[in-house]
Amino acid sequence: MSQLDDQVSIRDTLNLKKVLIECQNLTHTYKRGGETLTVLSDLNLTIRQGDFVALMGPSGSGKTTLLNLLGGLDRVSSGVVRIQGVALDQLSESTLADWRAQTVGFIFQFYNLLPMLSALGNVELPLLLTKLNSKERRHRAQTALTIVGLTDRTKHKPSELSGGQQQRVAIARALVADPELLVCDEPTGDLDRDTADEILALLKMLNQQYGKTIVMVTHDPKAAEYASTLLHMDKGVLLSLRT
Amino acid sequence: MFQQMTTVTIMNLAHLGSRVGTCLVVVVGIGGVVAVLLGLLAMSNGFRTALMETAKPDRGLILRNGSNQEMVGWVSNEEFGVISAYAGFAILSPEIYVTINVPKLASGLAADVVGRGVSDSAFDLRKEVVIVEGRKFRPGTGEIIVGSGAVGQYRGLALGDVVMVRNAALVVVGHFTAGGTSVESEIWMDLAVSQDIFRRTGGSSVVRVKLLDATTADAIDAQLRSDPRLTATLVMEEVFFAGMAQARAGLIETFAYLIASIMALGSVVAALNTMYTAVGKRSLEIATLRALGFRPMCIVMSVVIEAMLLALAGALLGAGIVYVAFDGLTAATLNGSGSQTVFAFKLSFEMLVTGCVWALLLGLVGGSLPALRAARLPITQALRGG
Ligand SMILES: Nc1ncnc2c1ncn2[C@@H]1O[C@H](COP(=O)(O)OP(=O)(O)O)[C@@H](O)[C@H]1O
């Protein structure tokens with residue numbers, strides 16, 4: 001592990017981090033009624049392994065759309081999204097589903113936990129798509145919950161947890177299959193300031209200690225303090241870049 | 001894949017509690033279909049059994065050649081004499097077969113009951129006929145005895161009651177049972193008296209026979225057919241009643257499937273509606289699962305399984321209703337010649353299976369379309385809440 005850490009830090013200093021995400025000439029349009037709405041136009045973007053990117057901008061500017069494309073939830077109208085060298089538009093629907101399960105962890109504003117499963121059950125969900133047996137699944141889910149700092153209340157249903165706790169469960173779920181990329185859509189949008197800070201700190205910890213690449217859409221100006229890269233988006237165009 | 005499906009299905013089922021109302025619509029709707037289907041099938045089954053129990057392997061009917069009903073049969077006294085001389089018969093019972101108009105107990109409306117004019121040999125032939133109340137009619141009088149099935153279904157058949165038939169006053173002097181067979185739906189009287197009242201002197205409608213050896217039936221039939229002095233055939237009871245049962249039970253069964261099909265349409269619409277609502281309410285969860293990498297197929301299967309489980313619950317409900325309300329209950333139905341036969345509803349295991357198969361098919365149809373819609377809805381759209 002320490003050896004690995006060393007390598008990461010060396011690459012860091014030399015700015016030799018591997019490219020994880022590459023978007024080329026990305027255009028995305030929605031058809032609504034008869035008219036075509038261009039949400040992203042000719043967007044180019046490179047995100048390296050280990051980056052913590054905050055994506056900001058006014059609402060309706062296309063942030064969620066971009067995030068969905070990076071997470072393989074939607075397909076581009078034209079252009080290419082390449083992640084770890086894989087062009088997502090080349091994948092079939094079911095291959096894409098498998099790819100998501102292995103590569104991406106999703107964190108949503110409203111947690112999207114399944115209400116009738118316990119915290120542990122929710123975290124275990126992605127592991128149902130793996131070959132792990134139930135004992136291994138339980139063990140890994142428990143570990144993920146420990147990482148996010150939720151060791152008690154694992155048997156509770158989401159409705160019995162606070163917003164912050166629910167988001168921790170959701171983060172554990174995103175983490176449990178050990179994906180390369182975490183994709184977060186306003187992860188603190190539903191939380192109070194203190195809880196939001198805790199969640200942001202948790203994400204930063206996952207980024208730094210576990211090397212997770214994070215792309216996060218946020219309206220929270222303080223979120224920028226946690227992220228390593230700040231992208232500003234307006235009307236489907238990336239305006240400014242701070243690294 | 002299997003594990004994914006099970007998890008999603010269990011999850012869906014966990015939701016049922018919050019949708020008791022709409023789920024009940026499906027369960028009750030499909031329950032109704034199954035109840036009607038099973039009720040009618042039980043009816044036809046009961047009918048078949050009632051008729052088939054009447055049949056004995058060594059008994060038959062000598063009918064006029066070409067007729068397969070006692071009602072329109074005719075065997076003259078001369079012919080009877082010829083037949084009596086045949087070897088191979090243990091008992092020969094010439095009988096007059098007529099219908100008698102009696103008001104129904106429930107509605108008071110007149111219905112036709114089988115009336116049978118018999119001699120002592122009819123009792124020898126049918127050992128199952130037992131007088132349970134009163135006594136046998138005396139030969140040469142206008143006395144009648146009534147089968148227990150008919151007593152329970154019609155008015156004015158108590159002991160001492162008088163039944164008017166073509167200006168003759170017939171007095172009920174006894175009630176009989178016949179081992180649950182269709183004979184219990186009949187009224188019996190003296191042969192000679194019936195020939196008088198119904199102007200059938202000089203012969204009988206049918207000659208009921210008991211063979212010394214059941215295996216000689218074909219030979220005797222051939223002999224009858226080739227005898228130039230006769231126009232008669234021998235039809236064994238098993239064949240006679242099976243044909244009758246098939247004709248009538250088949251009609252009821254056709255009716256059963258027809259009614260059930262019409263009701264099934266309604267219940268499929270209800271199931272579709274319920275499952276669309278259920279899937280709609282869960283669209284966010286389904287989208288979340290799909291984002292996590294769950295295959296659309298597994299979502300489809302889980303919704304279909306849920307619908308089929310609801311349908312199965314409906315089937316059991318329907319079968320339960322039929323069992324509690326009807327099984328063993330007796331009812332009367334018109335038979336082909338216009339007279340009435342009393343029979344019991346009889347549920348069978350095969351019918352239960354039929355009911356379940358129907359319900360599962362309805363569930364399959366009602367679940368598939370909503371499931372496909374759930375799987376087709378773009379994930380991003382569902383995640384945005386629409
Ligand atoms: N499925 C869709 N169909 C049509 N228009 C959509 C759809 N999803 C998003 N849009 C539109 O695309 C634009 C960008 O949306 P979005 O990516 O959610 O922006 P942001 O996340 O920055 O608020 C908005 O105008 C939105 O209304």
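Each chain gets a letter, A, B and so on, in the order its sequence line appears, and its residues count up from 1.
Contact count against chain B (heavy-atom pairs under 4.5 Å) is highest for A:Asn112 among A:Thr65, A:Thr64, A:Asp185, A:Asn112. No other option in A:Ala174, A:Pro179, A:Ala101 has as many heavy-atom pairs under 4.5 Å with chain B as A:Ala101. No other option in A:Asn68, A:Leu129, A:Leu96 has as many heavy-atom pairs under 4.5 Å with chain B as A:Leu129. In terms of heavy-atom pairs under 4.5 angstrom with chain B, the leader among A:Gln102, A:Glu93, A:Arg100, A:Arg173 is A:Arg100.
A distance-only check finds a donor-acceptor pair linking the side chain of A:Asn44 to the backbone of A:Asn25 [under 3.5 Å].
Side chain to side chain, A:Thr36 and A:Thr29 fail the donor-acceptor criterion of an N or O pair below 3.5 Å.
Using a 4.5 Å cut-off between heavy atoms, A:Tyr111 does not touch chain B at all.
To the nearest 0.5 angstrom, A:Lys63 atom NZ is 9.0 Å from A:Asp234 atom CG. The OG atom of A:Ser94 sits 4.5 Å away from atom CZ of B:Arg295, with the distance rounded to the nearest 0.5 Å.
Ring orientation note: the planes of A:Phe108 and A:Phe106 are close to parallel, at an angle under 30° on the 30°/60° scale.
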